[in-house]
Amino acid sequence: MVYKVIRPFKDLRDPKKHCYEVGDNYPRAKHKLDKEFAETLLNGANSAGSIFLMNVEDKDMSKDDTLTTEVEKEETKV
């Protein structure tokens, strides 16, 4: 399974501490999916308390930029 990044984050479980940007796929090419970690990024049960990934089967991001706009608004509040 591959997910889309909807909020930038640094993968602290990755030996190279890879930085994911909005629109990137998670996991990146040639890397194994960590299902437990992905679940925390999908449901917000992480140290940041934020949702970072979206299941691309649930919503096609290429057709809807509303989500990006909502993330940008929230980031400006911080």
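Bear in mind the structure is a predicted one, so any value in this text is a computation, not a measurement.
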Determine whether I51 and I6 satisfy the following criterion, side-chain contact (heavy atoms from CB on, under 4.5 Å), listing intermediate values before the conclusion. CA-CA 8 Å; I51 296 174; I6 60 171; 3.9 Å; yes
Is it the case that the side chain of N46 and the backbone of S50 share a donor-acceptor pair, with hydrogens and angles ignored and the cut-off at 3.5 Å? yes
For H18, which residues count as a ring-ring contact (aromatic ring centres under 6.0 Å, His included) partner, sequence neighbours excluded? Y20
Rounded to the nearest 0.5 Å, what's the gap from CZ on F37 to CG on L12? Could you check?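 If we round to the nearest 0.5 Å, F37:CZ and L12:CG are 6.5 Å apart.
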N25 side-chain N/O to P27 backbone N/O, donor-acceptor pair under 3.5 Å: no
Please lay out, stage by stage, how V22 and K4 fare under the test side-chain contact (heavy atoms from CB on, under 4.5 Å). CA-CA 8 Å; V22 174; K4 283 288 184 190; over 6 Å; no
Test: K17 and D11 ion pair at under 4.0 Å: no
In Å, rounded to the nearest 0.5 Å, how long is the span from NE2 of H31 to NZ of K16? 7.0 Å
Would you mind reporting whether D14 and R28 have side-chain heavy atoms less than 4.5 Å apart? yes
Criterion side-chain contact (heavy atoms from CB on, under 4.5 Å) on E39 and E36, from CA distance to verdict: CA-CA 5 Å; E39 188 63 31; E36 182 181 319; 5.9 Å; no
Test of understanding: with side-chain contact (heavy atoms from CB on, under 4.5 Å), list the residues that count as partners of K32, not counting sequence neighbours.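 For K32 there are no side-chain contact (heavy atoms from CB on, under 4.5 Å) partners, ignoring immediate neighbours.
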Quick one: pull up CE in M1 and CG in L53 and give me the separation to the nearest 0.5 Å.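 Those atoms lie 11.5 Å apart.
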Closest heavy-atom pair and its distance - N55, Y3: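 That would be CA-CD2, 3.7 Å.
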May I have the step-by-step check of side-chain contact (heavy atoms from CB on, under 4.5 Å) for L33 and Y26, ending in yes or no? CA-CA 8 Å; L33 174 66; Y26 176 84; 3.8 Å; yes
